Every structure is written in structure tokens, then in C-alpha cells.
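Single-structure report; data block below.
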Protein chains: 2
Amino acid sequence: MSEKDLNTEQKILEAARVVFIEKGFEGARMQEIADEAGINKALLHYYYRSKDKLFEGVFRDAFFELVPHIVQLIKSDIPLFDKIETFVREYIIVFQKNPYIPGFILHELSRNPGRIVTMISDIGVDPQVFIDQVEQEVNKGTIHPINPYQLIVNMLALCIFPFVASPIIKNIIFSKKPGYFDQFIEERKTEASQFIINAIKK
Amino acid sequence: MSEKDLNTEQKILEAARVVFIEKGFEGARMQEIADEAGINKALLHYYYRSKDKLFEGVFRDAFFELVPHIVQLIKSDIPLFDKIETFVREYIIVFQKNPYIPGFILHELSRNPGRIVTMISDIGVDPQVFIDQVEQEVNKGTIHPINPYQLIVNMLALCIFPFVASPIIKNIIFSKKPGYFDQFIEERKTEASQFIINAIKK
DNA sequence: GTCTATATTGTGATAGAC
DNA sequence: GTCTATCACAATATAGAC
């Protein structure tokens with residue numbers, strides 16, 4: 001579906017998404033969003049009353065595009081090692097397509113942590129299933145004892161961090177290997193899960 | 001040294017540091033920096049000509065406080081497992097004291113990646129020593145084969161991510177365990193390095 | 001060096017014609 | 001629904017007195 005096929009309201013939301021996600025709330029300009037959408041500023045206010053309202057729509061979409069997805073996966077009823085492999089692969093693929101989203105969400109949440117409270121109740125957030133699953137594997141002796149919370153954060157960290165820190169990685173760590181980043185991420189879809197599984201399996 | 005002992009220029013830089021690191025460049029207000037320093041706006045411009053110049057000072061300080069530190073450690077001549085343990089512990093301690101710094105640096109770099117280019121040349125950035133060290137251990141058969149670049153990013157990710165993502169961790173993952181975050185970080189000083197070492201050692 | 005007052009520009013938001 | 005023109009205010013920056 002090309003841009004021409006979208007109605008004005010959709011065009012605005014899509015333009016706002018592009019600008020807000022790249023620049024953040026404070027850095028985004030209504031003028032830039034209007035330009036991106038090929039309309040003028042006044043129309044933005046006609047459809048969405050304020051910058052805040054427009055932002056809220058964009059943020060909620062981005063948030064609910066990512067978070068419930070992983071919450072489901074974490075709770076799902078598949079073997080632990082399979083779950084880790086799937087989690088890592090699927091998540092990295094999502095970020096590969098939307099590399100700015102992780103930084104956007106993290107920055108906006110730290111700018112306004114209260115925002116999250118209004119959204120949590122909409123998602124069934126309960127890491128208990130995963131925690132039980134990890135503890136069962138520990139009891140069975142298939143993995144080393146580990147704090148399940150540390151494991152969850154490790155999984156998130158290994159998937160998300162490369163995208164949040166891409167300027168540092170590209171320019172400092174890979175400064176001698178220009179263009180290596182994409183290949184690095186490609187490798188990571190399997191490397192990261194192997195890393196995690198090696199870390200916990202007996 | 002209390003605030004009273006600082007001269008005006010130092011007070012301004014310290015105030016700017018507090019405000020910029022918490023709010024980011026776009027979110028920071030010169031008025032707020034002036035208030036924080038206990039002076040008025042005009043004096044900010046007397047000492048630093050513009051908001052940009054003031055920010056640049058703050059950013060450089062924060063950047064050079066963190067990055068050369070780890071570059072040195074990564075290059076240093078100590079055994080791999082010791083190096084990993086030291087790296088994780090020291091880095092997490094730094095972030096414990098300055099939890100906003102990682103997010104600040106990452107966000108500002110992604111907002112203006114060009115900034116980093118002017119700074120890199122000042123640091124001797126060369127991961128080669130670490131890469132050689134990892135490959136030697138692989139050849140000796142003490143660790144599994146691993147891409148050293150993946151390993152470096154994993155180490156950074158496990159240390160830095162919890163601070164960048166603290167709102168998500170506190171409100172979503174630990175929503176049933178209020179106040180747990182600090183203890184979680186404390187544990188992590190040793191848990192994260194054990195995780196890494198388990199992942200690579202044979 | 002430090003202040004008050006003011007200039008200047010940028011930006012979100014609205015009024016009103018079509 | 002969409003536009004042009006404009007308002008109102010916020011924020012950086014400067015002038016000038018002390």
C-alpha cells in the first residue's frame with residue numbers, strides 16, 4: 001500500500017511515527033511532521049488536538065507493537081531452550097526492521113515513567129510462568145541455578161542493547177570494520193541464544 | 001567539597017550536568033540550569049556563549065568519564081576471566097552511582113552521531129588486544145569458539161542495559177516486587193560475570 | 001561578575017476564508 | 001477538510017545598569 005492510498009488521518013499518524021521515533025517528543029517539530037505527511041500544520045491540530053495527543057497515539061502503537069508480543073512468548077508453553085531461541089530470533093528480526101524503536105521507547109519511558117503505569121494494566125504482565133519454568137529446569141538438574149529475573153533481563157539486554165547503542169558499536173567497537181554492523185546483527189540471531197543457553201545449561 | 005566552595009563557573013557546569021543528564025539536550029531549559037546553579041540565565045551566557053556550548057562541555061565530560069575507562073580495562077594485560085569479572089563489577093558500580101548517564105550518552109549519540117566522530121580520535125580505541133586474547137583462549141581450548149565482537153557487545157549489554165531500561169524493569173518485570181531493583185543490581189555485580197564466564201568456558 | 005529588562009526567534013495552537 | 005494568516009507564549013540570547 002503506497003502513501004497515496006492512505007487517507008489524511010493515516011498519513012498524519014504515519015508521519016508522526018517517523019518523526020517522533022527518530023527525534024523523540026521534545027526533538028520533534030509539528031512542522032516537520034506536517035511536511036513529512038505532505039500537509040500543513042493546521043491539519044495536524046484538526047485531526048489531533050495537540051502534540052501531546054498525537055504523540056500518545058504514536059507511543060501507544062509502538063509500545064503495544066512490542067511489549068505484549070514478548071509477554072506472550074515469555075508465558076507460552078514451549079520448552080525453555082526453544083523459547084530462548086525463538087525469543088532472540090524473533091525479537092532481533094523486529095528490531096532489524098525498526099532499529100529506532102527500542103531507543104524511542106526507552107527514552108520516552110525514562111522521560112515520563114508515569115506513562116507506563118496507565119498501560120500496564122492493559123497487558124497481562126506476569127513473569128510467573130517463566131519463573132516457574134526456569135525453577136523446574138533447575139530442580140530437574142538440566143540447568144545451573146540462576147535467578148530467573150536476572151535471566152529475563154539478560155535475554156532482553158542481549159537483544160535490545162545492540163540497537164540502542166548502535167552509534168557506539170558502529171563508530172567505536174567496529175571503527176576498523178565499516179559496514180560490519182548488519183552482518184553482526186545477522187549472526188546475532190543465533191549467537192545470542194547460544195550464548196544464553198551455554199550460560200545456563202549443565 | 002560543598003556547593004558553596006565552588007566558583008560560579010564550576011557551579012554552572014555542575015548544574016548543567018544534572019539537568020542535561022536528566023532531561024537531555026532538547027528537554028533541558030536554560031532557566032532550570034540557572035535555578036539549579038542558584039544564579040540567573042544571563043550568567044549562563046556570560047560564561048558559556050550558548051546552550052550548545054554548555055551542553056558540549058557536559059557531554060564531553062560524561063563521555064570521557066566512561067569510555068576511556070573501559071577501553072583501558074579491555075586492553076589491559078590480565079587473564080580473561082579476571083578481566084570479565086573486574087569489568088562487570090566496576091562498570092555496574094559506576095552506573096549505580098550515576099544511573100542516568102548511560103541513557104544520556106546513548107540518546108545524545110543517536111540524536112547526533114556525528115558528535116562521536118570528533119571524540120574518537122582522542123581515545124586510543126583498538127579492541128585488537130582483547131580480540132587476540134579471546135582467540136588465544138579459544139586456541140588453548142579453555143573457552144568455546146566465539147566471535148570476540150559478540151562477546152564485547154554482550155559484556156556491555158549486560159552491564160548497561162538494566163540502567164537504560166530501568167522503568168520497564170521496575171514497572172513491568174518487577175511490578176510485583178516493589179523496591180527489588182536495587183538488590184537486583186547488587187546481585188548483578190557477580191551474577192552477570194558468572195553468566196558470561198559460564199557461557200564461554202569449556 | 002552579576003543583575004534586570006528586553007530583544008528575537010521558534011513553536012504549538014487557533015481563527016477564519018474557501 | 002484544507003488552506004493562509006496570525007496569535008500567544010516559551011525559550012535562547014543580548015543590552016545595559018550597577
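Being a predicted model, the structure only gives us computed values, none of them experimental. Worth knowing before you read on, the calculation uses all heavy atoms, side chains too, and leaves out hydrogens, waters and symmetry mates. Chain A is the first sequence line, chain B the second, and so forth, proteins listed ahead of strands; every chain is numbered from 1.
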Gap between atoms CZ and P, on B/F55 and D/dA13 respectively (whole Å): 14 Å

Among B/Y100, B/F184, B/F95, B/F104, ring pair (Phe, Tyr, Trp, His ring centres under 6.0 Å) partner for B/F163: B/F95

Ion pair A/K23/B/E26, N-O distance below 4.0 Å: no

B/N40, nearest nucleotide to its side chain (from C/dA13, D/dC3, C/dT4): C/dT4

Step-by-step side chain to side chain contact (heavy atoms under 4.5 Å, CB included) determination, B/F59 to B/L109: CA-CA 10 Å; B/F59 183 83; B/L109 280 182; 3.7 Å; yes

Nearest to side-chain heavy atoms of B/L43, which nucleotide of C/dC3, C/dG12, D/dT12: C/dC3

Nearest-angstrom distance from the residue atom CG of B/D35 to P of D/dT12: 12 Å

Sugar-phosphate only, base, or nothing, as touched by A/A34 at under 4.0 Å among non-hydrogen atoms: nothing

Whole angstrom value for the distance that separates P of C/dT2 from CD of B/E9: 10 Å

B/N171 and A/R115: side chain donor to acceptor below 3.5 Å: no

Six-ring centre of A/F181, A/K170 cation under 6.0 angstrom, axis tolerance 45°: yes

Whole-Å distance separating the CZ atom of A/R29 from the C1' atom of C/dT9: 12 Å

Contact residues, residues 44-52 of chain B to DNA chain C [heavy atom, < 4.0 Å]: B/Y46, B/Y47

A/E32 CD - C/dG12 C1' separation (whole Å): 15 Å

Cation-pi check, A/K75 onto A/F130 ring (under 6.0 Å, within 45° of axis): no

d(CD, B/Q31; C1', D/dA13) in whole Å: 13 Å

d(CZ, B/F25; P, D/dA11) in whole Å: 13 Å

Donor-acceptor pair, side chain of A/D82 and main chain of A/I78, under 3.5 angstrom: no

Whole angstrom value for the distance that separates C1' of D/dA8 from CE of A/M30: 16 Å

